[in-house]
Amino acid sequence: YILDYKKSPSRFYKSIHISYPNAADRERSARAGLHPGGQIMIHGQPEVDALISEDASYFNWTNGCIAVANADMEILWEAIDVGTPITIEP
């Protein structure tokens, strides 16, 4: 996948969009009779109702996104250029 755009302001403390789903993802989900989803982001904590960073990692609150602490998001934001490739592994 590609990190194809950055979004700030965002509902979260900054977010970077992942180019999911690609054509292969859409084809695979269609064969399975499923919707592939989308709008997958790497993002910081929510701007409203923020979880304490240490506690947030214990909950599945992202609905498929990759969430990081705001301090880590700031580092990623500065280090990542639009167009950067990304591999997501389980």
Side-chain angles (χ1 to χ4, degrees):
Y1 302 100
I2 300 294
L3 299 174
D4 55 2
Y5 67 86
K6 294 179 174 183
K7 185 175 180 186
S8 179
S10 167
R11 209 177 112 206
F12 303 97
Y13 179 78
K14 299 184 179 178
S15 57
I16 304 172
H17 186 259
I18 300 169
S19 64
Y20 175 90
N22 61 27
D25 297 320
R26 287 189 292 275
E27 183 179 320
R28 186 172 43 256
S29 65
R31 283 195 311 267
L34 301 170
H35 186 279
Q39 281 303 102
I40 305 300
M41 306 274 213
I42 301 170
H43 61 71
Q45 301 297 310
E47 291 292 348
V48 178
D49 298 326
L51 297 169
I52 298 170
S53 294
E54 294 79 26
D55 292 339
S57 64
Y58 296 106
F59 301 99
N60 182 12
W61 57 272
T62 68
N63 200 23
C65 291
I66 300 168
V68 298
N70 289 353
D72 295 329
M73 189 64 213
E74 190 63 36
I75 293 167
L76 290 172
W77 187 266
E78 294 301 321
I80 292 172
D81 293 322
V82 170
T84 299
I86 183 174
T87 301
I88 302 170
E89 297 182 7

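Every value quoted in this text rests on a predicted model; they were computed, and no experiment measured them.
- Under the 4.5 Å side-chain contact rule for hydrophobic residues, I42 and I88 share a cluster.
- One distance of note links NE2 of H43 with OG of S8; it measures 13.5 Å at 0.5 Å rounding.
- Here the CG atom belonging to D4 is positioned 10.5 Å from the OG1 atom belonging to T84, to the nearest 0.5 angstrom.
- By the 4.5 Å heavy-atom criterion applied to side chains, K14 and L76 are not counted as neighbours.
- Cluster annotation: W77 and I66 are assigned to the same hydrophobic cluster (Ile/Leu/Val/Met/Phe/Trp/Tyr, side-chain heavy-atom contacts under 4.5 Å, transitive).
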Working for side chain to side chain contact (heavy atoms under 4.5 Å, CB included), residues R28 and L34:
CA-CA 9 Å; R28 186 172 43 256; L34 301 170; over 6 Å; no
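- K6 places a side-chain heavy atom less than 4.5 Å from the side chain of V82.
- Between the side chain of R26 and the backbone N or O of P21 there is at least one donor-acceptor pair closer than 3.5 Å.
- Of the possible donor and acceptor atoms, one in the side chain of N70 sits under 3.5 Å from a partner among the backbone N and O of Q45.
- In the hydrophobic clustering of ILVMFWY residues, with side-chain heavy atoms under 4.5 Å counting as a link, I40 and I86 come out together.
- Atom CD1 of I75 is separated from atom CG of D72 by 5.5 Å, given to the nearest 0.5 angstrom.
- Residues K7 and F12 form no side-chain contact, since every pair of their non-hydrogen atoms from C-beta on lies 4.5 Å or further apart.
- The distance from atom CE of M41 to atom SG of C65, rounded to the nearest 0.5 Å, is 7.0 Å.
- Checking Q39 against Y20 by side-chain atom types alone, no donor-acceptor pair falls below 3.5 Å.
- Y1 has its side chain out of reach of H17: every pair of non-hydrogen atoms, C-beta onward, lies at least 4.5 Å apart.
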